[in-house]
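Let me begin by presenting the structure, written as structure tokens, before commenting on it.
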Protein chains: 2
Amino acid sequence: MKTNKSLLFKGISDTELKQLYNCLRAHQSEFVAGEEIYSFGGLRSVLGVVLQGRVAVKKIDRNGNVTILDHIQKNGVLSNAFAFSQTDGNYISASAVENTKIVFFDYNNVFKRCQKACEFHSIFVENLFDIVIEKSKTLSQRVEILSNKTIREKILSYLNIALKNSINNVVTLPMSLTSFAEFLCVDRSAMMREMKKLSQSGIIKTDKRVITVLKREYI
Amino acid sequence: MKTNKSLLFKGISDTELKQLYNCLRAHQSEFVAGEEIYSFGGLRSVLGVVLQGRVAVKKIDRNGNVTILDHIQKNGVLSNAFAFSQTDGNYISASAVENTKIVFFDYNNVFKRCQKACEFHSIFVENLFDIVIEKSKTLSQRVEILSNKTIREKILSYLNIALKNSINNVVTLPMSLTSFAEFLCVDRSAMMREMKKLSQSGIIKTDKRVITVLKREYI
DNA sequence: ACTATATTGTTGCAAAAACTACAAAAGGTG
DNA sequence: CACCTTTTGTAGTTTTTGCAACAATATAGT
């Protein structure tokens, strides 16, 4: 199994990894772009980690409106343990954005120490813990962005978070403007209008999905 | 130390707990209602678990508008590892809603196995893991609620989640209607108006903070 | 290179929400 | 009980947003 190492396996050698996969009853699946992650909705207590590619969790309502609930990158966690609840009128789908590799394990096996009491098992648990904490962090930021009442504030909140660990004042959106609107849970045209206003006020400068923040004190 | 046991210490005896507190360098703090959790914003890599009481994480913007970002109940986790980011214009505050006990530990000590290699240490890690997973779940639900564009949909989404594990069709809000509006990140008066409409349509029936869902197929 | 498809950019209009303000009811406290 | 504070309930007005529709680019596939 060749793959550039996931954070999940940091500090675990390839030999150990093979053993670990065995004692955790892990299985790896591959999905082509657009394919739905069937294992996600179905089974209980499944924990999946994206090794390669990207997964989008979307909500499609009665009227066909799409909202992006989550964007799971490499090393991201996928689990019905903290999944979105399917409502009657809405359909929630997890699907591969590009070709994606996911490793699934049964949540119950993660903490059961195997007979050999392999020491890398605890390293694995720590890594998994880090990933879940990271997921919480991302979700918290998402809530913070969505908690704003106006589109303008949502955009600025996003930019603010994106600039947190950045030296320059340039944010390149990791998605299309269409997807960005879905991510902010707002209408695309209304968002475009708001970005135009921000540009006209001289607070930002936009070129497609590259946003330069000119007046950082405003965000 | 007398306290009704937190999920965090499930399967760990009181004697073991004392030992664990020691090897994790844990310290417990108490806060009176309204008091701010000073340890929260300050230190790095702190992990806190609410043993008793409740904590509200609020965002106060330039104009003094309050939005509830998070509501941490008993067993909930408090951590700057996945905290909300403080923006220039906004002030983020974690404060005790009622008298609250919190146990803090250094995140770095959690995974370091103590010399005695106490077995309950791994039980503790598993418990902590469950709590963090639970937090992710709550945050995901929050995102799902906030992802709705209209107030009406936000309310219905909330009710839907609240009714998931319920036998009857009654939801009693665990907070005032004022706080509920802050939780949904909408204007209170607009929310009241929307609830009135829902009542008039015969979809729900309200009496203060007790909401009875009459037509479950609508939510 | 051509064609189909997705993305970006823009507008008018209708709908929804925020803001403001006020009154009534409920709850807590000395 | 009387007072103060919070919560609940309501309405008018303004602002923001969503919706629909369309044109102009850009991108990908054959």
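When reading the values below, keep in mind they use all heavy atoms of this one structure, side chains included, and skip hydrogens, waters and symmetry mates. Order of the sequence lines fixes the chain letters, A, B, ..., with proteins taken first and strands second; residue numbering starts at 1 for each chain.
- Residue B:Lys149 places no side-chain N or O under 4.0 Å from the OP1 or OP2 atom of C:dA17.
- Between the CG atom of B:Asn148 and the C1' atom of D:dG18 there is a distance of 14 Å, given to the nearest Å.
- Among the protein residues, B:Arg209 comes within range of the sugar-phosphate backbone only, with heavy atoms under 4.0 Å from sugar or phosphate atoms but none that close to a base.
- For the side chain to side chain contact (heavy atoms under 4.5 Å, CB included) with B:Ile72, the qualifying choice from B:Val97, B:Thr100, B:Leu78 is B:Leu78, the only one to do so.
- Residue contacts shown for B:Thr150 are limited to sugar-phosphate atoms, with no base heavy atom under 4.0 Å away.
- For the pair B:Leu173 CG and D:dG9 P, the interatomic distance rounds to 11 Å; values are reported in whole Å.
- At whole-Å resolution of the value, CG in A:Leu177 and P in D:dT25 are 17 Å apart.
- Both B:Met191 and A:Ser189 lie close to DNA chain C; mapped to their nearest nucleotides by heavy-atom distance, the more 5′-ward contact belongs to A:Ser189.
- Remark: B:Arg142 does not engage B:Asp70 in a salt bridge, criterion side-chain N to carboxylate O under 4.0 Å.
- Residue A:Lys196 places none of its side-chain N or O atoms closer than 4.0 Å to OP1 or OP2 of C:dT8.
- What separates CD1 of B:Ile211 from P of D:dG9 is a distance of 10 Å, to the nearest Å.
- Note on A:Lys149 versus B:Asp187: no salt bridge recorded, every NZ/NE/NH1/NH2 to OD/OE distance being 4.0 Å or above.
- Summarising the geometry, the separation between NZ on A:Lys208 and C1' on D:dA26 is reported as 7 Å, rounded to the nearest angstrom.
- Rounded to an integer number of Å, the gap from A:Lys197 NZ to C:dG9 P is 17 Å.
- Applying the 4.0 Å criterion to OP1 and OP2 of C:dA6, one finds that A:Ser176 has every side-chain N and O outside that range.
- Here C:dA15 presents its C1' atom at 12 Å from CG of A:Asp187, a figure rounded to the nearest Å.
- A side-chain donor-acceptor contact under 3.5 Å links A:Asn127 to the backbone of A:Lys10.
- Proximity of A:Val186 to A:Glu194: side-chain heavy atoms (C-beta onward) are nowhere separated by under 4.5 Å.
- Distance A:Met192 CE to C:dT7 P: 12 Å, rounded to the nearest Å.
- Not a single donor-acceptor pair, N or O on each side, falls under 3.5 Å between the base of D:dG18 and the side chain of A:Arg188.
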